[in-house]
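Structure, as structure tokens:
The basis for the numbers below is simple: all heavy atoms, side chains too, and nothing from hydrogens, waters or symmetry mates.
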Amino acid sequence: MSCYSDKCSVVCAIDPGFYGAVCFLVGGQAAVFDTPIIKKESGKTAFDEEKMSNLLKPLSQQNVIAAIERVGALPGNGNVSMFNFGEGFGIWKGIMRAFEFNLYEISPQSWKKYYPELNTESMQILREDVKKYKVILKETKDKDKMKILKSEIEKMSRQIKVASKDAARVLA
């Protein structure tokens, strides 16, 4: 996302997960903050909504272009994990709307395509292997072989996901 006019004073980008972050770009200077979270009395981790709001509050009187990563369900993620991710998305989005930021939802695929370094050779190989296994899976009738193939596809998909996230962290 770029800002080429004097109408834009701040660019804000948010990864809405528990272990995500918020980044501000102001006048060529960047500042990055981890998503504020707290431990509740029950021992569970939760979003610290007050601190999340306080991070954005100083920008409330400025013209802000904000981007938030559009979240969706991912294979292999549990219901609780996905609910928490969606909760973070909703909290950040609500705060940004309350401050009347110009908000854009961006899918991971959209922003990652501008960074070819995120598509490592090992990830490409794994993706090709997943495609091959899926073809074999469609053609097989052997239930034991199907089970093994599904397990391998799931394992490789998780490896791709982890490698992709690691590459994005390194880039950031």
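Annotation: ring pair (Phe, Tyr, Trp, His ring centres under 6.0 Å) contacts involving residues 38-59, sequence neighbours excluded, comprise F18-F47.
Between W111 and E69 the shortest heavy-atom distance is NE1-OE2, 2.9 Å. Here the closest heavy-atom approach between residue I106 and residue A67 is recorded as CD1-CB, 3.6 Å. The shortest heavy-atom contact between P108 and R70 is CD-O, 3.6 Å. For F24 against V22, the heavy-atom pair with the smallest separation is CZ-CG2, 3.7 Å.
When the side-chain contact (heavy atoms from CB on, under 4.5 Å) test is applied to S60, the partners found at least two apart in sequence or on another chain are F99. Judged as a side-chain hydrogen bond (donor to acceptor under 3.5 Å, both in side chains), and not counting sequence neighbours, Q159 has no contacts. Shown here are the side-chain hydrogen bond (donor to acceptor under 3.5 Å, both in side chains) partners of S122, two or more places apart in sequence or in another chain: T120.
Around the CD atom of E50, the shell of radius 6.0 Å holds no more than 12 heavy atoms that belong to other residues, nucleotides or ligands. Counting heavy atoms of neighbouring residues, nucleotides and ligands inside a 6.0 Å radius, atom CD of Q124 exceeds 12 of them.
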Report all side-chain donor-acceptor pairs from residues 131-151 shorter than 3.5 Å, counting only partners two or more places apart or in another chain.
unit_1, atom_1, unit_2, atom_2, d
T140, OG1, D142, N, 3.3
D142, OD1, D144, N, 2.8
D142, OD1, K145, N, 3.2

Using residues 26-42 as the side-chain source, report each donor-acceptor pair under 3.5 Å to any protein atom, sequence neighbours left out, with the distance given to one decimal.
unit_1, atom_1, unit_2, atom_2, d
T35, OG1, G17, O, 3.4
T35, OG1, G20, O, 3.3
T35, OG1, A21, N, 3.4
K39, NZ, T45, OG1, 3.2
S42, OG, K44, N, 3.4

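In this structure a side-chain-to-backbone donor-acceptor pair under 3.5 Å is missing from S53 to E49.
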Test side-chain contact (heavy atoms from CB on, under 4.5 Å) on L59 and F101 and set out the steps.
CA-CA 9 Å; L59 307 174; F101 294 171; 3.9 Å; yes

Verify side-chain contact (heavy atoms from CB on, under 4.5 Å) between Q109 and K113, making sure each step is shown before the conclusion.
CA-CA 6 Å; Q109 298 83 0; K113 71 182 175 185; over 6 Å; no

If you apply the rule side-chain contact (heavy atoms from CB on, under 4.5 Å), what do you find for L55 with W92, and how did you get there?
CA-CA 11 Å; L55 270 176; W92 280 120; 4.2 Å; yes

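From L56, atom CG reaches atom CE of M96 across 7.0 Å, with rounding to the nearest 0.5 Å. In this structure, the separation between NZ on K93 and CG on L103 is 6.5 Å, given to the nearest 0.5 Å. Residue K57 holds its NZ atom at 14.5 Å from NZ of K51, rounded to the nearest 0.5 Å. The CG atom of L118 sits 6.5 Å away from the CE atom of M123 when rounded to the nearest 0.5 Å.
There is a path of hydrophobic side-chain contacts, each under 4.5 Å, that joins Y19 to F89.
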